[in-house]
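Single-structure report; data block below.
Order of appearance sets the numbers: ligands from 1, and atoms from 1 within every ligand.
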Amino acid sequence: MARSGRIIVVGGGLAAARAVESARGAGYEGELVVIADEPRRPYERPPLSKGYLLGTDASSAVYPLDARWYREHRVEVRTGVSATSVHVDAHTVEAGGEVLGYDRLLLATGSSARRFAGPGAGLRGIHHLRRLPDATALRRALRPGGRRVVLVGGGWIGLEVAAAAREYGNEVTVVARGVPLAGAIGEHLGRSFQAMHEEHGVVFRRPAAVTAVRGESGRVAAAVLGTGEHLPADLVVFGIGATPNTQLAASAGLELREGGIATDAGFATSAPDVFAAGDVAATWNDRLGRHLRVDHWANADSGGRLAGRALAGETVRSGEIPYFFTDQYDLGMEYSGYGELAAGAELVIRGDLAAREYVAFWLADGRVVAGMNVNVWDVNAAVQRLIRSERIVSRDELADPTVPLDALAGDVA
Ligand SMILES: Cc1cc2nc3c(=O)[nH]c(=O)nc-3n(C[C@H](O)[C@H](O)[C@H](O)COP(=O)(O)OP(=O)(O)OC[C@H]3O[C@@H](n4cnc5c(N)ncnc54)[C@H](O)[C@@H]3O)c2cc1C
(Lines give C-alpha, C1' and ligand atoms only; values in the text may rest on other atoms or scores of the structure.)
Protein backbone atom coordinates (compact mmCIF):
# COMPACT_ATOMS: atom_id res chain seq x y z
CA MET A 1 0.00 0.00 0.00
CA ALA A 2 1.19 3.54 -0.84
CA ARG A 3 1.85 5.30 2.47
CA SER A 4 3.73 8.35 1.27
CA GLY A 5 4.13 10.61 -1.77
CA ARG A 6 1.56 13.05 -3.09
CA ILE A 7 -1.96 12.34 -4.29
CA ILE A 8 -3.74 15.07 -6.20
CA VAL A 9 -7.51 15.03 -6.67
CA VAL A 10 -8.90 17.40 -9.28
CA GLY A 11 -12.57 18.17 -8.64
CA GLY A 12 -14.90 19.78 -6.16
CA GLY A 13 -17.87 17.43 -6.06
CA LEU A 14 -18.94 14.37 -4.10
CA ALA A 15 -16.51 12.03 -5.88
CA ALA A 16 -13.56 14.19 -4.80
CA ALA A 17 -14.78 14.36 -1.18
CA ARG A 18 -15.34 10.60 -0.92
CA ALA A 19 -12.00 9.85 -2.56
CA VAL A 20 -9.92 11.80 -0.05
CA GLU A 21 -12.01 10.48 2.82
CA SER A 22 -11.48 6.87 1.81
CA ALA A 23 -7.81 7.31 0.86
CA ARG A 24 -7.18 8.45 4.42
CA GLY A 25 -9.48 5.74 5.74
CA ALA A 26 -7.41 3.16 3.85
CA GLY A 27 -4.30 4.28 5.69
CA TYR A 28 -2.68 6.60 3.14
CA GLU A 29 -0.50 8.98 5.16
CA GLY A 30 1.21 11.06 2.46
CA GLU A 31 0.28 14.44 1.04
CA LEU A 32 -3.29 14.87 -0.22
CA VAL A 33 -4.19 17.91 -2.32
CA VAL A 34 -7.63 18.74 -3.74
CA ILE A 35 -7.84 21.24 -6.59
CA ALA A 36 -11.38 22.58 -6.96
CA ASP A 37 -12.27 25.45 -9.25
CA GLU A 38 -15.39 26.54 -7.35
CA PRO A 39 -14.74 28.87 -4.42
CA ARG A 40 -15.80 26.30 -1.79
CA ARG A 41 -14.83 22.86 -0.53
CA PRO A 42 -16.28 19.82 -2.34
CA TYR A 43 -20.06 19.59 -2.16
CA GLU A 44 -22.95 17.52 -3.46
CA ARG A 45 -25.69 18.72 -5.78
CA PRO A 46 -29.00 16.87 -5.19
CA PRO A 47 -30.18 19.42 -2.56
CA LEU A 48 -29.78 22.20 -5.14
CA SER A 49 -33.00 21.15 -6.86
CA LYS A 50 -34.72 19.90 -3.67
CA GLY A 51 -34.27 20.98 -0.05
CA TYR A 52 -31.93 23.89 -0.69
CA LEU A 53 -34.09 25.21 -3.53
CA LEU A 54 -37.18 24.84 -1.36
CA GLY A 55 -35.48 26.59 1.54
CA THR A 56 -35.82 23.60 3.87
CA ASP A 57 -32.07 22.75 3.83
CA ALA A 58 -29.36 25.22 4.81
CA SER A 59 -26.43 25.63 2.45
CA SER A 60 -24.32 23.68 4.97
CA ALA A 61 -26.37 20.57 4.08
CA VAL A 62 -24.53 20.27 0.77
CA TYR A 63 -21.12 19.49 2.28
CA PRO A 64 -20.34 15.81 2.84
CA LEU A 65 -17.28 16.72 4.96
CA ASP A 66 -16.90 19.76 7.16
CA ALA A 67 -13.91 22.12 6.99
CA ARG A 68 -12.49 20.67 10.20
CA TRP A 69 -12.34 17.20 8.72
CA TYR A 70 -9.95 18.39 6.00
CA ARG A 71 -7.74 20.15 8.57
CA GLU A 72 -7.67 17.20 10.94
CA HIS A 73 -6.88 14.77 8.15
CA ARG A 74 -4.21 16.99 6.61
CA VAL A 75 -5.97 17.40 3.28
CA GLU A 76 -5.07 20.62 1.52
CA VAL A 77 -8.03 21.99 -0.42
CA ARG A 78 -7.17 24.63 -2.98
CA THR A 79 -10.47 26.26 -3.82
CA GLY A 80 -11.11 28.64 -6.69
CA VAL A 81 -8.21 27.05 -8.55
CA SER A 82 -8.60 25.35 -11.90
CA ALA A 83 -6.31 22.56 -13.07
CA THR A 84 -5.40 23.62 -16.59
CA SER A 85 -3.20 20.77 -17.81
CA VAL A 86 -1.92 17.34 -16.89
CA HIS A 87 1.38 15.90 -18.15
CA VAL A 88 1.17 12.19 -17.66
CA ASP A 89 4.82 11.41 -18.51
CA ALA A 90 6.17 14.04 -16.14
CA HIS A 91 3.43 13.22 -13.53
CA THR A 92 2.55 16.89 -13.13
CA VAL A 93 -0.58 19.04 -12.97
CA GLU A 94 -0.64 22.75 -13.74
CA ALA A 95 -2.99 24.70 -11.53
CA GLY A 96 -3.16 28.33 -10.50
CA GLY A 97 0.14 29.12 -12.22
CA GLU A 98 1.99 26.32 -10.36
CA VAL A 99 3.30 22.99 -11.55
CA LEU A 100 2.59 20.27 -8.98
CA GLY A 101 4.09 16.80 -9.11
CA TYR A 102 1.95 13.78 -8.22
CA ASP A 103 2.49 10.13 -7.45
CA ARG A 104 -1.18 9.39 -8.11
CA LEU A 105 -3.84 11.58 -9.63
CA LEU A 106 -7.64 11.35 -9.56
CA LEU A 107 -9.74 13.22 -12.10
CA ALA A 108 -13.17 13.88 -10.61
CA THR A 109 -14.07 16.86 -12.75
CA GLY A 110 -17.78 15.99 -13.03
CA SER A 111 -20.13 17.59 -15.53
CA SER A 112 -21.30 21.05 -16.54
CA ALA A 113 -24.85 22.10 -17.32
CA ARG A 114 -25.63 22.25 -21.04
CA ARG A 115 -26.43 25.91 -21.61
CA PHE A 116 -28.93 27.56 -23.89
CA ALA A 117 -27.00 29.37 -26.61
CA GLY A 118 -29.83 30.58 -28.88
CA PRO A 119 -31.16 34.11 -29.42
CA GLY A 120 -31.76 35.89 -26.12
CA ALA A 121 -29.31 33.69 -24.19
CA GLY A 122 -27.86 36.67 -22.30
CA LEU A 123 -31.16 38.00 -20.90
CA ARG A 124 -31.73 38.41 -17.17
CA GLY A 125 -34.24 35.83 -15.95
CA ILE A 126 -32.61 32.89 -17.74
CA HIS A 127 -31.45 30.16 -15.35
CA HIS A 128 -29.42 26.96 -15.44
CA LEU A 129 -28.84 24.74 -12.42
CA ARG A 130 -25.56 23.05 -11.61
CA ARG A 131 -23.75 25.04 -8.95
CA LEU A 132 -24.68 26.40 -5.54
CA PRO A 133 -24.92 30.04 -6.72
CA ASP A 134 -27.25 28.88 -9.55
CA ALA A 135 -29.58 27.41 -6.92
CA THR A 136 -29.34 30.51 -4.73
CA ALA A 137 -30.27 32.74 -7.68
CA LEU A 138 -33.12 30.47 -8.73
CA ARG A 139 -34.49 30.24 -5.20
CA ARG A 140 -34.46 34.01 -4.92
CA ALA A 141 -36.35 34.28 -8.21
CA LEU A 142 -38.94 31.60 -7.35
CA ARG A 143 -39.57 32.45 -3.71
CA PRO A 144 -41.90 35.46 -4.13
CA GLY A 145 -44.33 33.28 -6.16
CA GLY A 146 -46.77 34.60 -8.74
CA ARG A 147 -44.20 34.47 -11.55
CA ARG A 148 -44.62 32.85 -14.93
CA VAL A 149 -41.94 30.17 -15.14
CA VAL A 150 -41.14 28.30 -18.34
CA LEU A 151 -39.09 25.20 -17.72
CA VAL A 152 -37.30 23.75 -20.70
CA GLY A 153 -36.63 20.01 -20.53
CA GLY A 154 -38.55 17.07 -19.16
CA GLY A 155 -35.75 15.40 -17.20
CA TRP A 156 -35.29 14.80 -13.48
CA ILE A 157 -33.82 18.18 -12.61
CA GLY A 158 -36.41 20.03 -14.73
CA LEU A 159 -39.29 18.26 -12.98
CA GLU A 160 -37.81 18.79 -9.52
CA VAL A 161 -37.53 22.51 -10.28
CA ALA A 162 -41.12 22.47 -11.59
CA ALA A 163 -42.26 21.01 -8.26
CA ALA A 164 -40.32 23.62 -6.27
CA ALA A 165 -41.64 26.43 -8.48
CA ARG A 166 -45.23 25.29 -7.90
CA GLU A 167 -44.67 24.95 -4.17
CA TYR A 168 -43.66 28.63 -4.14
CA GLY A 169 -46.91 29.43 -5.97
CA ASN A 170 -45.60 30.21 -9.45
CA GLU A 171 -47.29 29.44 -12.77
CA VAL A 172 -45.27 26.68 -14.41
CA THR A 173 -45.14 25.50 -18.01
CA VAL A 174 -42.83 22.62 -18.93
CA VAL A 175 -41.69 22.55 -22.54
CA ALA A 176 -40.44 19.11 -23.51
CA ARG A 177 -39.61 17.31 -26.73
CA GLY A 178 -41.50 14.17 -25.68
CA VAL A 179 -43.04 12.41 -22.69
CA PRO A 180 -41.10 13.56 -19.63
CA LEU A 181 -38.55 11.05 -18.29
CA ALA A 182 -39.33 8.65 -21.14
CA GLY A 183 -35.63 8.11 -21.82
CA ALA A 184 -35.07 7.00 -18.23
CA ILE A 185 -38.22 5.09 -17.26
CA GLY A 186 -40.27 4.70 -20.46
CA GLU A 187 -43.37 6.50 -21.70
CA HIS A 188 -45.92 4.70 -19.54
CA LEU A 189 -44.34 5.70 -16.23
CA GLY A 190 -43.22 9.06 -17.63
CA ARG A 191 -46.90 9.86 -18.26
CA SER A 192 -47.69 9.07 -14.65
CA PHE A 193 -45.08 11.66 -13.53
CA GLN A 194 -46.61 14.15 -15.97
CA ALA A 195 -50.07 13.46 -14.53
CA MET A 196 -48.81 14.13 -11.02
CA HIS A 197 -47.40 17.49 -12.11
CA GLU A 198 -50.64 18.34 -13.91
CA GLU A 199 -52.56 17.61 -10.71
CA HIS A 200 -50.31 20.20 -9.07
CA GLY A 201 -51.16 22.74 -11.78
CA VAL A 202 -48.18 22.39 -14.12
CA VAL A 203 -48.96 22.82 -17.83
CA PHE A 204 -47.07 20.70 -20.35
CA ARG A 205 -46.28 21.79 -23.90
CA ARG A 206 -44.99 18.86 -25.93
CA PRO A 207 -43.66 17.92 -28.33
CA ALA A 208 -42.13 21.36 -28.38
CA ALA A 209 -38.80 23.13 -28.12
CA VAL A 210 -37.75 26.61 -27.06
CA THR A 211 -35.62 28.05 -29.85
CA ALA A 212 -35.26 31.64 -28.61
CA VAL A 213 -36.04 33.85 -25.64
CA ARG A 214 -37.51 37.28 -26.24
CA GLY A 215 -36.67 40.11 -23.88
CA GLU A 216 -37.79 43.58 -22.87
CA SER A 217 -35.31 46.01 -21.30
CA GLY A 218 -32.76 43.22 -20.96
CA ARG A 219 -35.15 40.89 -19.08
CA VAL A 220 -36.94 37.75 -20.18
CA ALA A 221 -40.44 38.46 -21.56
CA ALA A 222 -41.30 35.25 -23.43
CA ALA A 223 -39.98 31.87 -24.45
CA VAL A 224 -40.31 31.36 -28.19
CA LEU A 225 -41.24 27.88 -29.42
CA GLY A 226 -40.04 26.36 -32.68
CA THR A 227 -43.52 27.03 -34.10
CA GLY A 228 -43.00 30.76 -33.49
CA GLU A 229 -45.49 30.83 -30.62
CA HIS A 230 -44.55 33.08 -27.68
CA LEU A 231 -45.08 31.81 -24.11
CA PRO A 232 -45.09 34.86 -21.81
CA ALA A 233 -42.51 34.32 -19.08
CA ASP A 234 -40.75 36.05 -16.21
CA LEU A 235 -38.23 33.24 -15.83
CA VAL A 236 -36.96 30.62 -18.25
CA VAL A 237 -35.13 27.70 -16.64
CA PHE A 238 -33.13 25.40 -18.90
CA GLY A 239 -32.79 21.83 -17.62
CA ILE A 240 -31.38 20.43 -20.84
CA GLY A 241 -28.76 18.03 -19.58
CA ALA A 242 -25.12 18.05 -18.64
CA THR A 243 -21.86 17.29 -20.41
CA PRO A 244 -18.89 15.61 -18.73
CA ASN A 245 -15.82 17.78 -18.14
CA THR A 246 -13.33 15.71 -20.13
CA GLN A 247 -11.23 18.57 -21.54
CA LEU A 248 -8.35 18.12 -19.09
CA ALA A 249 -8.20 14.38 -19.74
CA ALA A 250 -8.55 14.77 -23.51
CA SER A 251 -5.72 17.27 -23.75
CA ALA A 252 -3.55 14.95 -21.64
CA GLY A 253 -4.16 12.21 -24.23
CA LEU A 254 -6.26 9.92 -22.01
CA GLU A 255 -8.57 7.45 -23.71
CA LEU A 256 -12.22 8.54 -23.77
CA ARG A 257 -15.24 6.20 -24.12
CA GLU A 258 -19.00 6.78 -23.96
CA GLY A 259 -18.30 10.50 -23.63
CA GLY A 260 -16.25 10.04 -20.45
CA ILE A 261 -12.74 9.12 -19.33
CA ALA A 262 -12.31 5.39 -19.94
CA THR A 263 -11.24 3.42 -16.86
CA ASP A 264 -10.95 -0.24 -16.03
CA ALA A 265 -13.12 -1.69 -13.26
CA GLY A 266 -10.48 -0.47 -10.79
CA PHE A 267 -10.88 3.19 -11.91
CA ALA A 268 -7.45 3.30 -13.63
CA THR A 269 -7.35 5.35 -16.83
CA SER A 270 -5.15 4.67 -19.85
CA ALA A 271 -2.31 6.70 -18.24
CA PRO A 272 -0.16 5.26 -15.45
CA ASP A 273 -1.13 6.40 -11.93
CA VAL A 274 -4.10 8.42 -13.21
CA PHE A 275 -7.59 7.43 -12.04
CA ALA A 276 -11.06 8.84 -12.73
CA ALA A 277 -14.40 8.61 -10.89
CA GLY A 278 -17.85 10.20 -10.72
CA ASP A 279 -19.79 11.78 -13.58
CA VAL A 280 -16.71 12.16 -15.75
CA ALA A 281 -15.64 8.50 -15.67
CA ALA A 282 -16.76 5.76 -18.04
CA THR A 283 -15.94 2.70 -15.94
CA TRP A 284 -15.70 -0.83 -17.26
CA ASN A 285 -18.89 -2.74 -16.39
CA ASP A 286 -18.73 -6.53 -16.37
CA ARG A 287 -22.50 -7.02 -16.63
CA LEU A 288 -22.79 -4.90 -19.79
CA GLY A 289 -19.40 -5.86 -21.20
CA ARG A 290 -18.57 -2.26 -22.00
CA HIS A 291 -17.71 1.06 -20.38
CA LEU A 292 -20.57 2.79 -18.59
CA ARG A 293 -20.82 6.44 -17.64
CA VAL A 294 -23.35 7.16 -14.89
CA ASP A 295 -24.16 10.74 -13.89
CA HIS A 296 -25.90 10.14 -10.60
CA TRP A 297 -25.16 10.80 -6.95
CA ALA A 298 -24.65 7.16 -5.87
CA ASN A 299 -22.05 6.61 -8.58
CA ALA A 300 -20.03 9.62 -7.37
CA ASP A 301 -20.44 8.39 -3.79
CA SER A 302 -19.39 4.77 -4.27
CA GLY A 303 -17.02 5.44 -7.19
CA GLY A 304 -15.27 8.17 -5.21
CA ARG A 305 -14.86 5.87 -2.20
CA LEU A 306 -13.47 2.99 -4.28
CA ALA A 307 -11.18 5.28 -6.28
CA GLY A 308 -9.83 6.69 -2.99
CA ARG A 309 -8.85 3.17 -1.92
CA ALA A 310 -7.24 2.62 -5.31
CA LEU A 311 -5.25 5.84 -4.85
CA ALA A 312 -4.08 4.46 -1.50
CA GLY A 313 -2.77 1.40 -3.31
CA GLU A 314 -5.60 -1.11 -2.77
CA THR A 315 -6.98 -3.25 -5.57
CA VAL A 316 -10.66 -2.46 -5.98
CA ARG A 317 -13.36 -3.51 -8.42
CA SER A 318 -16.46 -1.56 -9.33
CA GLY A 319 -19.58 -3.70 -9.26
CA GLU A 320 -22.31 -1.30 -8.24
CA ILE A 321 -25.70 -1.41 -9.90
CA PRO A 322 -26.55 2.13 -11.12
CA TYR A 323 -28.90 3.82 -8.64
CA PHE A 324 -30.62 7.19 -8.49
CA PHE A 325 -33.43 8.90 -6.65
CA THR A 326 -35.77 11.86 -6.91
CA ASP A 327 -38.14 13.81 -4.64
CA GLN A 328 -41.01 15.79 -6.16
CA TYR A 329 -43.94 17.15 -4.08
CA ASP A 330 -44.76 14.27 -1.73
CA LEU A 331 -43.35 11.61 -4.06
CA GLY A 332 -40.07 9.88 -3.32
CA MET A 333 -38.53 7.42 -5.74
CA GLU A 334 -35.48 5.17 -6.01
CA TYR A 335 -34.37 3.43 -9.21
CA SER A 336 -31.78 0.70 -9.54
CA GLY A 337 -30.74 -1.02 -12.70
CA TYR A 338 -29.45 -0.91 -16.20
CA GLY A 339 -31.44 1.48 -18.37
CA GLU A 340 -30.11 0.05 -21.60
CA LEU A 341 -31.15 -3.51 -20.66
CA ALA A 342 -34.55 -2.16 -19.62
CA ALA A 343 -35.23 -0.70 -23.08
CA GLY A 344 -37.78 -3.04 -24.65
CA ALA A 345 -38.18 -5.08 -21.44
CA GLU A 346 -41.60 -6.01 -20.05
CA LEU A 347 -42.88 -3.60 -17.39
CA VAL A 348 -44.41 -5.25 -14.30
CA ILE A 349 -46.10 -3.18 -11.58
CA ARG A 350 -46.44 -4.34 -7.96
CA GLY A 351 -48.79 -1.99 -6.15
CA ASP A 352 -50.98 0.90 -7.20
CA LEU A 353 -49.70 3.02 -10.09
CA ALA A 354 -52.68 5.41 -9.94
CA ALA A 355 -52.10 6.06 -6.23
CA ARG A 356 -48.37 6.42 -6.94
CA GLU A 357 -47.41 3.74 -4.47
CA TYR A 358 -45.74 0.93 -6.33
CA VAL A 359 -42.61 -0.92 -7.36
CA ALA A 360 -41.99 -1.18 -11.12
CA PHE A 361 -39.82 -3.94 -12.52
CA TRP A 362 -38.30 -4.27 -15.94
CA LEU A 363 -38.21 -7.92 -16.92
CA ALA A 364 -35.97 -8.96 -19.83
CA ASP A 365 -35.90 -12.64 -20.82
CA GLY A 366 -37.47 -13.46 -17.46
CA ARG A 367 -34.81 -11.62 -15.43
CA VAL A 368 -35.22 -8.34 -13.55
CA VAL A 369 -32.78 -5.80 -15.05
CA ALA A 370 -34.14 -2.68 -13.31
CA GLY A 371 -36.58 -1.72 -10.58
CA MET A 372 -38.10 1.50 -9.30
CA ASN A 373 -39.88 1.97 -5.97
CA VAL A 374 -42.22 4.95 -5.72
CA ASN A 375 -43.44 5.92 -2.25
CA VAL A 376 -42.64 2.37 -1.11
CA TRP A 377 -39.66 2.18 1.18
CA ASP A 378 -37.01 -0.27 2.35
CA VAL A 379 -37.23 -2.41 -0.77
CA ASN A 380 -34.44 -1.07 -2.95
CA ALA A 381 -31.78 -3.34 -1.46
CA ALA A 382 -34.00 -6.32 -2.28
CA VAL A 383 -34.55 -4.97 -5.80
CA GLN A 384 -30.78 -4.77 -6.22
CA ARG A 385 -30.37 -8.34 -4.98
CA LEU A 386 -32.99 -9.46 -7.46
CA ILE A 387 -31.11 -7.78 -10.31
CA ARG A 388 -27.79 -9.19 -9.17
CA SER A 389 -29.23 -12.70 -8.82
CA GLU A 390 -30.12 -12.84 -12.55
CA ARG A 391 -32.73 -15.45 -11.53
CA ILE A 392 -35.67 -16.22 -13.80
CA VAL A 393 -38.82 -14.95 -12.08
CA SER A 394 -42.43 -14.97 -13.20
CA ARG A 395 -44.36 -11.78 -13.87
CA ASP A 396 -47.15 -13.00 -11.54
CA GLU A 397 -44.80 -13.44 -8.59
CA LEU A 398 -43.27 -10.04 -9.22
CA ALA A 399 -46.66 -8.35 -9.37
CA ASP A 400 -47.90 -10.09 -6.22
CA PRO A 401 -47.16 -7.98 -3.11
CA THR A 402 -47.58 -11.02 -0.87
CA VAL A 403 -44.48 -12.68 -2.41
CA PRO A 404 -41.41 -11.31 -0.57
CA LEU A 405 -38.82 -9.91 -2.99
CA ASP A 406 -36.05 -11.57 -1.00
CA ALA A 407 -37.64 -14.95 -1.66
CA LEU A 408 -37.39 -14.24 -5.40
CA ALA A 409 -33.76 -13.17 -5.17
CA GLY A 410 -32.69 -16.38 -3.39
CA ASP A 411 -29.53 -16.21 -1.33
CA VAL A 412 -27.72 -13.49 -3.30
CA ALA A 413 -25.95 -11.00 -1.02
C1 LIG B 1 -29.34 20.24 -9.42
C2 LIG B 1 -28.90 18.81 -9.42
C3 LIG B 1 -29.68 17.85 -8.79
C4 LIG B 1 -29.30 16.52 -8.80
N5 LIG B 1 -30.09 15.60 -8.18
C6 LIG B 1 -29.74 14.30 -8.19
C7 LIG B 1 -30.57 13.33 -7.56
O8 LIG B 1 -31.61 13.64 -7.01
N9 LIG B 1 -30.18 12.03 -7.59
C10 LIG B 1 -29.04 11.63 -8.20
O11 LIG B 1 -28.75 10.44 -8.19
N12 LIG B 1 -28.22 12.53 -8.81
C13 LIG B 1 -28.55 13.85 -8.82
N14 LIG B 1 -27.74 14.77 -9.44
C15 LIG B 1 -26.51 14.32 -10.08
C16 LIG B 1 -25.33 14.30 -9.10
O17 LIG B 1 -25.31 15.49 -8.37
C18 LIG B 1 -24.02 14.12 -9.86
O19 LIG B 1 -24.01 12.85 -10.43
C20 LIG B 1 -22.82 14.35 -8.96
O21 LIG B 1 -22.76 15.70 -8.60
C22 LIG B 1 -21.51 13.98 -9.62
O23 LIG B 1 -20.47 14.23 -8.72
P24 LIG B 1 -18.97 14.44 -9.24
O25 LIG B 1 -18.14 14.65 -8.02
O26 LIG B 1 -18.60 13.40 -10.20
O27 LIG B 1 -19.01 15.80 -10.11
P28 LIG B 1 -19.55 17.26 -9.83
O29 LIG B 1 -20.53 17.29 -8.74
O30 LIG B 1 -19.94 17.81 -11.17
O31 LIG B 1 -18.25 18.04 -9.33
C32 LIG B 1 -17.13 18.27 -10.15
C33 LIG B 1 -16.39 19.48 -9.63
O34 LIG B 1 -15.11 19.59 -10.23
C35 LIG B 1 -14.89 20.93 -10.67
N36 LIG B 1 -13.94 20.95 -11.77
C37 LIG B 1 -14.17 20.61 -13.06
N38 LIG B 1 -13.04 20.78 -13.79
C39 LIG B 1 -12.10 21.23 -12.94
C40 LIG B 1 -10.73 21.61 -13.11
N41 LIG B 1 -10.12 21.52 -14.29
N42 LIG B 1 -10.05 22.07 -12.03
C43 LIG B 1 -10.65 22.13 -10.81
N44 LIG B 1 -11.94 21.80 -10.59
C45 LIG B 1 -12.66 21.34 -11.65
C46 LIG B 1 -16.29 21.39 -11.06
O47 LIG B 1 -16.39 22.79 -11.12
C48 LIG B 1 -17.11 20.79 -9.93
O49 LIG B 1 -17.05 21.61 -8.80
C50 LIG B 1 -28.10 16.12 -9.46
C51 LIG B 1 -27.32 17.09 -10.11
C52 LIG B 1 -27.70 18.42 -10.09
C53 LIG B 1 -26.87 19.45 -10.81
Side-chain angles (χ1 to χ4, degrees), residues 8-20 33-53 62-64 77-86 93-96 100 105-114 127-136 138-139 153 155-161 163-164 184 237-252 260-261 267 276-283 293-305 307-308 320 322-328 332-336:
I8 296 183
V9 173
V10 179
L14 182 63
R18 291 303 181 219
V20 293
V33 180
V34 177
I35 298 172
D37 61 6
E38 294 188 63
R40 54 186 52 79
R41 67 183 182 276
Y43 68 100
E44 52 187 329
R45 297 170 205 273
L48 306 189
S49 52
K50 306 177 189 65
Y52 181 71
L53 189 61
V62 303
Y63 296 106
V77 186
R78 299 191 180 192
T79 56
V81 175
S82 184
T84 47
S85 62
V86 172
V93 175
E94 282 185 51
L100 301 167
L105 171 68
L106 175 69
L107 298 176
T109 49
S111 305
S112 296
R114 199 169 289 139
H127 292 260
H128 298 86
L129 184 53
R130 182 79 203 175
R131 295 180 161 196
L132 189 61
D134 299 335
T136 305
L138 187 55
R139 185 170 73 173
W156 296 111
I157 292 177
L159 293 189
E160 288 173 4
V161 174
V237 186
F238 286 90
I240 51 177
T243 42
N245 297 321
T246 52
Q247 307 83 335
L248 198 58
S251 60
I261 305 171
F267 301 91
D279 274 15
V280 78
T283 308
R293 203 179 68 74
V294 178
D295 47 8
H296 290 304
W297 178 92
N299 175 62
D301 189 64
S302 64
R305 288 177 203 274
E320 302 289 324
Y323 165 94
F324 63 91
F325 60 92
T326 187
D327 296 316
Q328 301 171 28
M333 174 285 260
E334 297 175 288
Y335 175 104
S336 291

Query - Lys50 N/O under 3.5 Å from ligand 1 N/O - result: yes
Query - Option of least heavy-atom distance to atom 28 (P) of ligand 1 (set: Glu160, Arg40, Gln328, Arg45) - result: Arg45
Report summary line: What one should report as the nearest heavy-atom pair of Ala17 and Pro42 is CB-CB, 3.9 Å
**Report entry** Proximity to ligand 1 by part of Ser111, non-hydrogen separation under 4.0 Å
**Finding:** backbone
Query raised in the report: What heavy-atom pair brings Glu160 and Thr326 nearest, and what distance separates the two atoms?
Result: OE2-OG1, 2.5 Å
Query raised in the report: Does an N or O anywhere in Gly278 fall below 3.5 Å from an N or O of ligand 1?
Result: no
**Report entry** Close N or O approach (Tyr43, ligand 1; < 3.5 Å)
**Finding:** no
Query raised in the report: Going by distance only, is there an N or O of Arg131 that falls short of 3.5 Å from an N or O of ligand 1?
Result: yes
Query - Lys/Arg N to Asp/Glu carboxylate O, Asp295 vs Arg114, below 4.0 Å - result: no
Query - Contacting atoms of ligand 1, where contact means under 4.0 angstrom from a heavy atom of Val81 - result: 43 (C)
Query raised in the report: Below 3.5 angstrom, do we get any N/O pair linking Val280 and ligand 1?
Result: no
Query - side-chain hydrogen bond (donor to acceptor under 3.5 Å, both in side chains) between Glu94 and Thr84, intermediate numbers included - result: CA-CA 6 Å; Glu94 282 185 51; Thr84 47; 4.6 Å; no
Report task. Could you check whether the rings of Trp297 and Phe325 sit parallel, tilted or perpendicular, using 30° and 60° as the cut-offs? Result -> perpendicular
Report task. Using a strict 4.0 Å cut-off to heavy atoms of Ala108, name the atoms of ligand 1 that fall inside it. Result -> 32 (C), 34 (O)
Requested in this report: Would you check whether Asn299 reaches within less than 4.0 Å of ligand 1, judged by its heavy atoms?
Outcome: no
Query - Short N or O distance, Leu248 and ligand 1, threshold 3.5 Å exclusive - result: no
Query - Proximal atoms of ligand 1 relative to Gly13 (non-hydrogen, under 4.0 Å) - result: 25 (O), 29 (O), 31 (O), 32 (C), 33 (C)
**Report entry** Interfacing atoms of ligand 1 (cut-off 4.0 Å, heavy-atom, Glu38)
**Finding:** 47 (O), 48 (C), 49 (O)
Query - Those atoms of ligand 1 less than 4.0 Å from some heavy atom in Gly11 - result: 34 (O)
Report task. Flag this pair as yes if the NZ/CZ of Arg45 is under 6.0 angstrom from the six-membered ring centre of Tyr43 and inside a 45 degree cone about the axis; otherwise no. Result -> yes
Requested in this report: Provide the number and element of each atom of ligand 1 under 4.0 Å from a heavy atom of Ala36.
Outcome: 43 (C), 44 (N)
Query raised in the report: Can an N or O of Thr326 be found at a distance shorter than 3.5 Å from an N or O of ligand 1?
Result: no
Query raised in the report: Of all the non-hydrogen atoms in the protein, which one sits nearest to atom 18 (C) of ligand 1, and at what distance?
Result: Asp279 OD1, 3.5 Å
Requested in this report: Would you mind finding which of Val161, Asp37, Thr84, Asp327 brings a heavy atom closest to atom 45 (C) of ligand 1?
Outcome: Asp37
Report task. Enumerate the atoms of ligand 1 whose separation from the nearest heavy atom of Leu129 is less than 4.0 angstrom. Result -> 1 (C), 53 (C)
Query raised in the report: Which ligand 1 atoms does Phe324 reach within 4.0 Å, using its non-hydrogen atoms?
Result: 11 (O)
